[in-house]
Amino acid sequence: MLVLYLNFIPISLFFAKLQTFFLRVYPNYGYILFVMYFLLYSSAEEGLEFPSFDGKDRVLNVNERNYKKALKKYDMMCLLYHEPLPSDKELQQQFHMREMVLELAAQVLEDKDIGFGLVDSHRDAKVAKKLGLEEEGSIYVFKDERVIEFDGELSADTLVEFLLDLLEDPVELISNPMEQRAFERMDEDIRLIGYFKGEDSEHYKAFQVTAEKFQPYVKFFATFDKGVAKQLTLKMNEIDFYEPFMDEPVTVPGKPNTEEEIVDFVNQHRRPTLRKLRAEDMFETWEDDMDGIHIVAFAEEEDPDGYEFLEILKEVARDNTKKTDLSIVWIDPDEFPLLTTYWEKTFKVDLFRPQIGVVNVTDADSVWLNMPNDEALPSAEELEDWIEDVLSGKVNTEDDDDDDDDEDNGIDDGSDEDHYGDDDD
C-alpha cells in the first residue's frame, strides 16, 4: 500500500500527512514513521532532494526571560503552545514529532526571518497569558501587531505554505487580462477585489489595512487599471466580494468604504454556502459548524461521477446562497488519502462514490442520503428537498441512533434516513 501511494503523491506530502494521521489514531507508530521518513529522504536524487533534518536545533524554548527579544528579532514568530512534557514514552514521542514539524519548517525557512519557538503551558504560563495563548496544542503566529492562529494540518509542508502566504503582500494587484483570468479561476477561495485610483488613495489604504486583518484566510485583490475594472464591472472605489463557487460577486454597499465597513461585511459573509475542506484551514472549517452539525459532501473532482455531483452541489449552493443557515462542506477524498478509511469506518459510507450527509460535530454521528448507485445521482431539485429536510430537523443524526444493529458489514444502507428515492411520509 505504501508503494502505491508513493507512486501518486510527492513523498514529502505523503509522509507529512501520514505522520499527522498516525500520530492521532495510532500514537505507537510515531517513531517508526520518523525513521522511515528520513531513510527515504536520504536516498533522494540530486535536483529533487527533499529536506531532511540536519540536526541543528532552531526552535527556541520561549520563556519570560527571552520572549520579548525573540519577538523583536524576527519579522514573524511562530509558537507552539503545548502541554507539559508527559512522562509516558508514547506521548513523549508524539510531542517530539510535533516539535520536529517545527524544526523542519524552521530549517526550510531559515532565510525568511521567521522565528520558531515552544511555550510550555505550565512552566511558562505567565508568558502565555501575556501573549494571549489559550489553546494547548495550537500554533500561533505573531506578525506586526497581529496574532494569527494556525488552524491547519500539523505537517511541515502545510505550515511552511501557510507562513509563506503570510509573508506575501496582503493585497495582490491585478494589472492585465492574464492576471484577471487567473483571479477569476480562483473559485475555491473567498476573494475581495477593489478598483482604486492608485496606491496613494486613502480608500485603497483602508482596503490594505483590512486585508492584513484577514490574511491569509481571505484573499484581497485590487486593480488600478481602467480596462481590468471595466471587465470586472467595477466602478471607482467599489469593492466586490466573491463567495466560493458563486458565478456573481456581491458588491460591498456604501462606496467608498471605511476599514470598519469592510471588516463588518467580510465577517457577515465569511461563512460560504459551499466550501472546500483544505489542509491549511481544515480545523477552522470544521469548528465553524451550524448549531453543532455540518452538511458534508464527499466527491472526487477528478472522477466523472464526483465531478457531476460537485456541479449539482454548486448549482444548489448558487440557488440557495441567501440562506444564512445553509453551509455545505465539500471534501475531496483524493486530497486526504490517509483519512479515507477512517472516514468510511466512522461515517459508514463508501467514499469511492459521491456522498452527502449530516454530521454531528460532537460525536461524529451521521445520517447520509441514500444514493443506490452512481447512475442515480440526485437532481438539484431532489438535493434541495433533502437539504430542506435537514435544515428543518426532519433529517437529523438522532434518528440514526437506534439503527446501528441494522448495518451490514459496517456500511449503513441509509434505508431509514433517506428522503430521496423513497415515498414521502
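We use all heavy atoms of the structure for the numbers below, so side chains are in, but hydrogens, waters and symmetry mates are not.
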Practice task
Measure the shortest side-chain to side-chain distance between H269 and I190 over non-hydrogen atoms and say whether it is less than 4.5 angstrom.
Solution key: no
Exercise for the section: Calculate, to the nearest 0.5 Å, the distance between atoms CZ and CE belonging to F142 and M77 respectively. Expected result: 9.0 Å
Just distance, no hydrogens or angles: give the donor-acceptor pairs under 3.5 Å from side chains in residues 276-283, sequence neighbours left out.
residue: K276; atom: NZ; partner: E188; partner atom: OE2; Å: 3.3
residue: K276; atom: NZ; partner: E335; partner atom: OE2; Å: 2.6
residue: R278; atom: NH1; partner: D189; partner atom: OD1; Å: 2.6
residue: R278; atom: NH2; partner: D281; partner atom: OD2; Å: 3.1

Exercise for the section: Evaluate the criterion side-chain contact (heavy atoms from CB on, under 4.5 Å) for residue pair F150 and T158; output intermediate values, then yes/no. Expected result: CA-CA 10 Å; F150 171 68; T158 304; 4.0 Å; yes
Handout entry: D54 to R58 - nearest heavy-atom pair and separation
Key = OD2-NH2, 2.7 Å
Exercise for the section: Please test F183 against K219 for side-chain contact (heavy atoms from CB on, under 4.5 Å), starting from the C-alpha separation and ending with a verdict. Expected result: CA-CA 10 Å; F183 165 81; K219 310 296 184 185; over 6 Å; no
Practice task
On the 0 to 90° scale, with breaks at 30° and 60°, tag the F245-W330 ring pair as parallel, tilted or perpendicular.
Solution key: perpendicular
Completion exercise
Result for side-chain hydrogen bond (donor to acceptor under 3.5 Å, both in side chains) between D288 and one of R271, R270, H294 points to R271
Handout entry: Charged N-O contact under 4.0 Å between K323 and E384
Key = no
Exercise for the section: Find the distance between CD1 (I328) and CG (N320) and round it off to the nearest 0.5 Å. Expected result: 8.0 Å
Practice task
Please confirm whether Y217 and F162 have ring centers closer than 6.0 angstrom.
Solution key: yes
Problem - Criterion salt bridge (charged side-chain N to carboxylate O under 4.0 Å, His left out) on R353 and D305, from CA distance to verdict - result: CA-CA 7 Å; R353 298 166 46 204; D305 293 311; over 6 Å; no
Exercise for the section: Start with the C-alpha gap between S155 and D157, add the side-chain angles, then the distance that decides, and say whether side chain to side chain donor-acceptor pair (under 3.5 Å) holds. Expected result: CA-CA 6 Å; S155 62; D157 59 329; 2.8 Å; yes
Completion exercise
Between T210 and A206 the two heavy atoms that sit nearest each other are OG1-O, 2.8 Å
Practice task
Determine, stepwise, if the pair I114 / Y74 fulfils side-chain contact (heavy atoms from CB on, under 4.5 Å).
Solution key: CA-CA 6 Å; I114 303 175; Y74 299 99; 5.8 Å; no
Exercise for the section: Decide, yes or no, whether a salt bridge links R275 with E284 under the criterion of side-chain N to carboxylate O below 4.0 Å. Expected result: no
Exercise for the section: In sequence, state the C-alpha distance, the side-chain angles, and the governing distance for R98 and E136, and then conclude on salt bridge (charged side-chain N to carboxylate O under 4.0 Å, His left out). Expected result: CA-CA 13 Å; R98 284 186 293 166; E136 290 182 350; over 6 Å; no
Exercise for the section: Go through the steps to decide whether E238 and T251 satisfy the test side chain to side chain donor-acceptor pair (under 3.5 Å), and finish with yes or no. Expected result: CA-CA 7 Å; E238 193 169 69; T251 300; 4.7 Å; no
Problem - Main-chain N/O of H122 paired to D120 side chain as donor or acceptor, under 3.5 Å - result: yes
Practice task
Rounded to the nearest 0.5 Å, what's the gap from CG on L60 to CG on N66? Could you check?
Solution key: 4.5 Å
Problem - Side-chain donor or acceptor of S327 paired with backbone N/O of P272 under 3.5 Å - result: yes
Problem - Least distance between heavy atoms, I239 atom then F207 atom - result: CD1-CD1, 3.7 Å
Handout entry: Exercise: identify the closest heavy-atom pair between A128 and V119
Key = CB-CG1, 4.3 Å
Practice task
Determine, for K130 against E64, whether the closest basic-nitrogen to carboxylate-oxygen distance falls under 4.0 angstrom.
Solution key: yes
Exercise for the section: Working to the nearest 0.5 Å, report the span between CG of L163 and CE of M76. Expected result: 5.0 Å
Exercise for the section: Could you tell me whether the side chain of Y140 and the main chain of E135 form a donor-acceptor pair under 3.5 Å? Expected result: yes
Problem - Over all atoms of both residues, closest heavy-atom pair of P354 and L377 - result: CG-CD2, 4.1 Å
Practice task
Check for a donor-acceptor pair, side chain of E212 on one end and backbone N or O of R146 on the other, with a separation under 3.5 Å.
Solution key: no
Handout entry: Side-chain donor or acceptor of Q107 paired with backbone N/O of S52 under 3.5 Å
Key = yes
Practice task
Ignoring hydrogens and angles, tell me if any N or O in the side chain of R191 forms a donor-acceptor pair with the backbone of M186 under 3.5 Å.
Solution key: yes
Practice task
Given side-chain contact (heavy atoms from CB on, under 4.5 Å), test V263 with F214 step by step and report yes or no.
Solution key: CA-CA 9 Å; V263 169; F214 291 100; 4.1 Å; yes
Exercise for the section: Kindly check if the number of other-residue, nucleotide or ligand heavy atoms within 6.0 Å of NZ (K255) is above 12? Expected result: yes
Exercise for the section: State, yes or no, whether a side-chain contact exists between D325 and D291 at a heavy-atom distance under 4.5 Å. Expected result: no
Practice task
Using a 4.5 Å cut-off on heavy atoms from C-beta on, say whether the side chain of Q355 contacts that of W343.
Solution key: no
Exercise for the section: State plainly whether the residues E311 and K314 are in salt-bridge range, i.e. N to O under 4.0 Å. Expected result: yes
Handout entry: Heavy-atom check, side chain of L102 versus side chain of L159, under 4.5 Å
Key = yes
Exercise for the section: Return yes if some donor-acceptor pair links the side-chain N/O of D124 with the main-chain N/O of V127 below 3.5 Å, else return no. Expected result: no
Exercise for the section: Looking only at non-hydrogen atoms, find the nearest pair between I356 and W368 and report the distance. Expected result: C-CE3, 3.2 Å
Problem - Contact check, side chains of D169 and Q208, non-hydrogen atoms, under 4.5 Å - result: no
Fill in the blank from the handout: In this structure, OH of Y81 is separated from CD1 of I139 (nearest 0.5 Å) by 14.5 Å
Handout entry: Atom pair CG (D240) and CZ (F221), whose distance is rounded to the nearest 0.5 Å
Key = 13.5 Å
Handout entry: V147 and L131, any side-chain heavy atoms less than 4.5 Å apart
Key = no
Practice task
Could you tell me whether the side chain of S201 reaches within less than 4.5 Å of the side chain of N237, counting heavy atoms only?
Solution key: yes
Handout entry: N/O donor-acceptor pair under 3.5 Å between S121 side chain and H82 backbone
Key = yes
Exercise for the section: Taking the side chain as every heavy atom from C-beta outward, state whether L313 and L383 have any atom pair closer than 4.5 Å. Expected result: yes
Exercise for the section: Could you tell me how the ring of F241 sits relative to the ring of F265: parallel (under 30°), tilted (30 to 60°) or perpendicular (over 60°)? Expected result: perpendicular
Handout entry: Main-chain N/O of E179 paired with N176 side-chain donor or acceptor, under 3.5 Å
Key = yes
Exercise for the section: Spell out, as yes or no, whether a donor-acceptor pair under 3.5 Å connects the side chain of E344 to the backbone of L351. Expected result: yes
Practice task
Return yes when atom CD of E287 has more than 12 non-hydrogen atoms of other residues, nucleotides or ligands closer than 6.0 Å, and no otherwise.
Solution key: yes
